[in-house]
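Since the structure comes first, as structure tokens, the remarks are kept for the end.
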There are 2 protein chains.
Amino acid sequence: MTQEQFARYSFLLDRTARKVKQYAQQQFKSGDFDVTVDQWLVLKNLSENGHLSQTELANLVFKDHPTLTRILDLLCKKGYVERVPHPMDRRSFQLHLTETGLAKVSALRPQILEIREKAWENLSDSDFQEFKRILDTIYQNLGGQELE
Amino acid sequence: MTQEQFARYSFLLDRTARKVKQYAQQQFKSGDFDVTVDQWLVLKNLSENGHLSQTELANLVFKDHPTLTRILDLLCKKGYVERVPHPMDRRSFQLHLTETGLAKVSALRPQILEIREKAWENLSDSDFQEFKRILDTIYQNLGGQELE
DNA sequence: TACCAATAATTAGTATGACAAATATATAAA
DNA sequence: TTTATATATTTGTCATACTAATTATTGGTA
């Protein structure tokens with residue numbers, strides 16, 4: 001395999017990642033989910049972890065701080081999330097879902113799992129293991145930190 | 001494997017694609033390449049295909065038309081690309097690289113191949129085949145067209 | 001010819017992503 | 001205590017993505 005052919009991994013990766021996000025976003029839209037794909041990622045992580053600061057949440061979802069600030073602005077405006085002042089540290093906030101936010105997560109979770117399945121048709125569990133291994137290797141090659 | 005674990009493919013994919021682009025962009029910047037990663041993709045495809053229209057180019061690089069319009073605006077402003085009116089169809093342009101653009105592609109191509117190699121450390125040719133197979137399957141599952 | 005649908009490109013609006021810089025607050029060091 | 005440094009978050013800027021709408025032009029057809 002030539003170096004040229006091989007270097008297409010970056011193109012294929014980018015193209016597929018965009019397609020996956022685009023597909024999900026279209027389904028979100030046609031189902032009137034009222035959140036974007038990235039907003040959902042934030043909501044989901046908040047529902048699974050209580051009282052995170054923005055920095056902690058940013059590390060969980062691998063988004064940088066400015067991006068997360070803006071996503072949270074939107075989620076607060078929609079009434080799904082609240083920024084509660086941290087009792088000991090006036091620089092930071094504790095994030096938590098509102099009642100509406102909790103209800104939204106419960107309502108959307110099963111529907112979104114279903115949407116996510118579509119991409120994996122014709123692929124197996126062992127394909128997933130391979131896929132994860134390769135993606136994680138690339139991520140670490142480029143200086144990313146391991147997950148847990 | 002639970003449905004939940006499996007659905008993380010979208011998270012891993014997005015995270016890795018962003019890391020790959022970010023890494024390349026940092027190298028581009030430290031090397032004073034004067035183009036972004038996406039602008040490079042456009043220049044590269046123009047150098048390999050003469051006299052494309054914007055629609056044809058958009059299909060090659062899998063970007064939508066508004067995005068491509070803006071990338072071309074920047075590349076024209078930088079003097080690497082020119083929009084030449086199509087002789088038979090006044091709606092469209094034929095795109096071509098300027099002398100400067102051609103020189104830029106020649107200068108950058110080998111350096112960029114080198115940058116791209118970093119991600120693939122510890123991975124093999126057969127990993128690449130697996131990776132490509134899985135990415136292409138996902139892409140087609142979500143309604144994307146096959147390549148050639 | 002006149003009309004109508006399709007096509008090429010652009011514009012507008014919103015969201016995300018990367019990076020740099022600014023602000024406020026906390027903590028450690030002199 | 002004063003100063004310096006570090007941390008949490010926000011703001012600003014530019015580039016990319018997606019959608020919808022707009023403009024100009026083409027081609028087919030009544």
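Each chain gets a letter, A, B and so on, in the order its sequence line appears, and its residues count up from 1.
When the side-chain nitrogen and oxygen atoms of A:Arg83 are compared with OP1 and OP2 of D:dT10, one or more of them lie within a distance under 4.0 Å. Between B:Lys21 and C:dT16 there is no side-chain N or O to OP1 or OP2 distance below 4.0 Å. Dashed line: the shortest gap from a side-chain N or O of A:Lys63 to OP1 or OP2 of C:dT16 is not under 4.0 Å.
In this structure, the CZ atom of B:Phe28 is 14 Å from the C1' atom of D:dA15, given to the nearest Å. Summarising the geometry, the separation between CG on B:Asp73 and C1' on C:dA8 is reported as 15 Å, rounded to the nearest angstrom. One can place NZ of B:Lys77 at 12 Å from C1' of D:dA15, the figure rounded to the nearest angstrom. Look at CG on B:Asp64: it is 14 Å from C1' on C:dA8, rounded to the nearest Å. Atom P of nucleotide D:dC18 and atom CZ of A:Arg15 are separated by 13 Å, given to the nearest angstrom. Put simply, CG on A:Leu41 is 17 Å from P on C:dA15, counting in whole angstrom units. Going from atom OH of B:Tyr23 over to atom P of C:dC19 covers 13 Å, rounded to whole Å. Atom CH2 of B:Trp40 is separated from atom P of D:dT16 by 15 Å (rounded to the nearest Å).
Residue-level contact check: B:Thr69 touches the bases, meaning some heavy atom is under 4.0 Å from a base atom. Counting any heavy atom pair closer than 4.0 Å across all strands shown, A:Thr36 reaches sugar-phosphate atoms only and no base atom. Contacts of B:Arg18 with the nucleic acid, taken as non-hydrogen atoms under 4.0 Å apart, involve only primed sugar atoms and P, OP1 or OP2. Looking at heavy-atom distances under 4.0 Å, B:Asp38 makes contact with sugar-phosphate atoms alone, never a base. When heavy atoms are screened at a 4.0 angstrom cut-off, A:Leu68 is found touching no nucleic acid atom at all. At the heavy-atom level, B:Gln25 lies nowhere under 4.0 Å from the strands shown.
Taking the side chain of B:Gln39 as heavy atoms from C-beta on, and the options D:dT11, D:dA15, C:dT10, the nearest nucleotide is D:dA15. Distances were taken from every side-chain heavy atom of A:Thr55 (C-beta onward) to each of C:dA18, D:dT9, D:dC18; the shortest belongs to D:dT9. Closest to the B:Leu74 side chain, of the nucleotides C:dT11, D:dT16, C:dC19, is D:dT16. Residue A:Asp89 places its side chain closer to D:dA8 than to any other of D:dT11, D:dA8, D:dT10. Between C:dT25, D:dA8, D:dT16, one nucleotide has an atom nearer to the side chain of A:Ser92 than all others, and that is D:dA8. Closest contact between the side chain of B:Thr67 and the listed nucleotides D:dT16, C:dA9, D:dT10 involves D:dT16. Side-chain proximity of B:Asp14 to C:dG17, D:dT19, C:dA20: nearest is C:dG17.
Of the two residues near DNA chain D, A:Lys29 and A:Gln54, the one whose nearest nucleotide lies more 5' is A:Gln54. Judged by closest nucleotide on DNA chain D, B:Lys78 is the one of B:Pro66 and B:Lys78 placed further toward the 5' end.
Ring geometry, A:Phe33 versus A:Phe28: the interplanar angle falls from 30° to 60°, so the pair is classed tilted. Ring geometry for A:Phe128 versus A:Trp120: interplanar angle over 60°, hence perpendicular rather than tilted (30 to 60°).
For the residue pair A:Ser124 / A:Asp127, a side-chain donor-acceptor distance below 3.5 Å is found, with atom types taken as modelled.
At a cut-off of 3.5 angstrom, the base of D:dG12 holds at least one donor-acceptor pair with the side chain of A:Arg70. If you check distances only, the side chain of A:Arg91 does reach the base of D:dT7 with a donor-acceptor pair under 3.5 Å.
Counting heavy atoms of neighbouring residues, nucleotides and ligands inside a 6.0 Å radius, atom CD of A:Glu114 does not exceed 12 of them. Heavy atoms of other residues, nucleotides or ligands lying less than 6.0 angstrom from CD of A:Glu48 number more than 12.
By the 6.0 Å and 45° rule, B:Arg15 stacks over the aromatic ring of A:Tyr139.
In the hydrophobic cluster analysis, where Ile, Leu, Val, Met, Phe, Trp and Tyr join through side-chain heavy atoms closer than 4.5 angstrom, B:Leu57 is grouped apart from B:Leu74.
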